[in-house]
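Worksheet: the structure to be examined is printed underneath.
Counting convention: from 1, in listed order, for ligands and their atoms alike. Just the heavy atoms: all of them, side chains too, but no hydrogens, waters or symmetry mates, feed the values below.
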Amino acid sequence: MDIIKTLSDYHKQYEVSTSKPDEFWAEVASEFVWRKKWDKVLQWDFHKPEVKWFQGGKLNITENALDRHLPHRANQTAILWEPNDPSEAPRKISYQELHREVCKVGNMLRSHHVKKGDRVCIYMPMVPELIYAVLGCARIGAVHSVVFAGFSAGSLVDRINDCGCSVVLTADGSFRGDKKLDLKAIVDEALLQCPTVRETIVLKRTGSNSPMKSGRDFWWHEEVMSQSADCVPEMMDAEDLLFILYTSGSTGKPKGMVHTCGGYMVFIGYTFRTVFQYQDKELFWCTADIGWVTGHSYIIYGPLLAGATTLLFEGIPSWPDPGRFWQTIERHKVNIFYTAPTAIRSLEQAPISYVNKYDLSSIRILGTVGEPINEEAWHWYNKNIGKGRCPIVDTWWQTETGGIMISPIAGVTPLKPTYATLPLPGIQPTLMDEQGKEITGTGEGRLAMKFPWPSMARTIYGNHQRFRETYFSTFPGMYFTGDGCRRDAEGFYRITGRVDDIIIVSGHNMGTAEIESAVDEHPAVCESAVVGYPHDIKGQGVYTFVICYEKPSDEDKLRSEIREVVAKIIGPIAKPDKIQFVSGLPKTRSGKIMRRILRKVAEGDTSNLGDITTLLDPSVVDEIKRGALS
Ligand code: PRX
């Protein structure tokens, strides 16, 4: 399939992709190496729901991301690693070296009796070995489940047990700015409650003195050393599992989204090349963490499937100073830079000299992902980073969708600040009203998808019923995204935010129920309710209403204790920003908390709270209004 180069190419491809989806995706898929061609491009039924792409096809994604490139790219840099500390030397890993390291990790896993279909948990810092680990699993057909290395032991336990991992790949520690985190100690604590884990393999990164449990814990360097650099790839069915990645749900329990080999490969390869218009020899930098789907799809798989050079950054944007991103762009001559609106907003706060002292002329294309970008941040990014000459692709997608769904195509389709604009070929969005009727033309409603695309999640691991209920029951016969959305007269889409109980804090997707159950773990807390509120930098902040058993004697002390409990149970990213103590919550007679009221209070808009007569005790509302935190 030719890459879209003009607006008319886009319209043509879009038309074919919807009128003849089988032909369209077969052509895209035929660019990849298949050991056996598929028998059927697509079989689907959104009522069950069941979606199968490229059935009967056999492949290994690492052959496509690595082996396929060796004849002409062996010495090209595949991964350029920029360490946490800018005074530590960056590392360049060529396609040949990456192939070798991935094979060794694959063999290491096999020597530890990991086989096709086994689940392997990866809890590692942003170092090249993390990519070797992911691809090493894919090489031998093990299912990788990467857990963000900022999650606490409790969150790790839930994710390991839910899918029954047998092995954990981790590191002694990780660096984050001037802090060191002892990852192995967190793993040790978690494993007290993980009966399925037989072994851990531990990479040395920080040199912390991790105690090793004999017979269970092995050092990565010792295990990998003697492995052969030849690792026969496992032949996978297109619909075999490639990975599980957990995302927050409206209930406390995270959902293990299941992605499969063939469709994921085809869609991620296609969207990477299309959206970013990647050109040979360019350097692509996605600043996400590999613990999130953005890192899976656009640090690892997308760029490597395209034979690109991908920059892997271990550090944080604010250390040693807020110029770190811009310094790194100058240092390595980054051509395509893909980041989150929250990072842009936080770096905007620093004096502009942190931007202007660096040469950013290598940048050709900018991107954003993870949450709506506000108009002001869009213009700041465009003016100061892109110098008004780089298209900004505002890419809308989700863990569940696997890859980019609605986005401008850089330099090809028109931009409109704060709009993700047009659906990519193969994507058929629609807007639904509250009564479940389709909205046509200009309007605002709930965003749903009418037709499957190759990289959509196939199920929630071990819970197909929850998959059906969460995504396919709101609008029968359609995939419901959970997002609100507006469509303008030109057919451009603008995501307005979540319409369910999920909040997006600094680009991280979190369930309010998950935070509430963590807050409730504090012995002084009787009940809590969490809502999001607009936050200048984080996009949304966490506002928590707390009922205590007894009136707290020192509110600030209790607030900081509650924050620590949440950090311990979920991870520091979930810490509440504001905690308001209340004596009651606005509940209906059936006991349901009316979050609409709490959201208004948290937003600082108490002028019109709507109808509160259905509340069990309307008087609590006055107290909540009086105590609202600004
Ligand atoms: O609400 C949308 C928001 O992030 C949600 C998905 O979060 P997650 O699964 O963590 O994946 C994030 C990275 C793909 C969506 O339901 N979101 C993502 N991208 C955008 C966005 N909201 C507005 N504009 C975007 N470009």
Looking at [Y] and [X], is there a salt bridge between them, counting it only when a charged N and a carboxylate O are closer than 4.0 Å?
X: Glu516; Y: Arg595; answer: yes
X: Glu400; Y: Arg458; answer: no
X: Lys450; Y: Glu438; answer: yes

**Q.** Min heavy-atom dist Gly370 to ligand 1 below 4.0 Å
**A.**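 Distance cut 4.0 Å: Gly370 passes for ligand 1.
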Q. Judged by non-hydrogen atoms, does Trp397 sit under 4.0 Å from ligand 1?
A.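 The answer is yes, since Trp397 has a heavy atom less than 4.0 Å from ligand 1.
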Q | Side-chain heavy-atom pair Arg159, Phe151 within 4.5 angstrom cut-off | A |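 Yes - at least one pair of side-chain heavy atoms lies under 4.5 Å apart.
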Q: Check whether any side-chain heavy atom of Tyr419 sits under 4.5 Å from a side-chain heavy atom of Ile495, and report yes or no.
A: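 Side-chain contact under 4.5 Å: no.
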Q) Is ligand 1 under 4.0 Å from a heavy atom in the side chain of Asp483, in the backbone, in both, or in neither? A)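 Just the side chain.
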(Q) Using a 4.0 Å heavy-atom cut-off, which part of Ile504 comes near ligand 1: side chain, backbone, both, or neither? (A)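 For Ile504, only side-chain atoms sit under 4.0 Å from ligand 1.
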Q. Atom 21 (C) of ligand 1: which of Arg498, His296, Glu371 has the nearest heavy atom?
A.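 Going through Arg498, His296, Glu371 one by one, Glu371 has the nearest heavy atom to atom 21 (C) of ligand 1.
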Q) Nearest to atom 23 (C) of ligand 1 by heavy atom, Pro372, Ser297, Gly507: which? A)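 That would be Pro372.
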Q. Would the Trp453 and Phe451 ring centres measure less than 6.0 Å apart?
A.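 Not under 6.0 Å, so no.
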Q) Hey, which atoms in ligand 1 end up nearer than 4.0 Å to a heavy atom of Asp394? A)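 Result: 24 (N), 25 (C), 26 (N).
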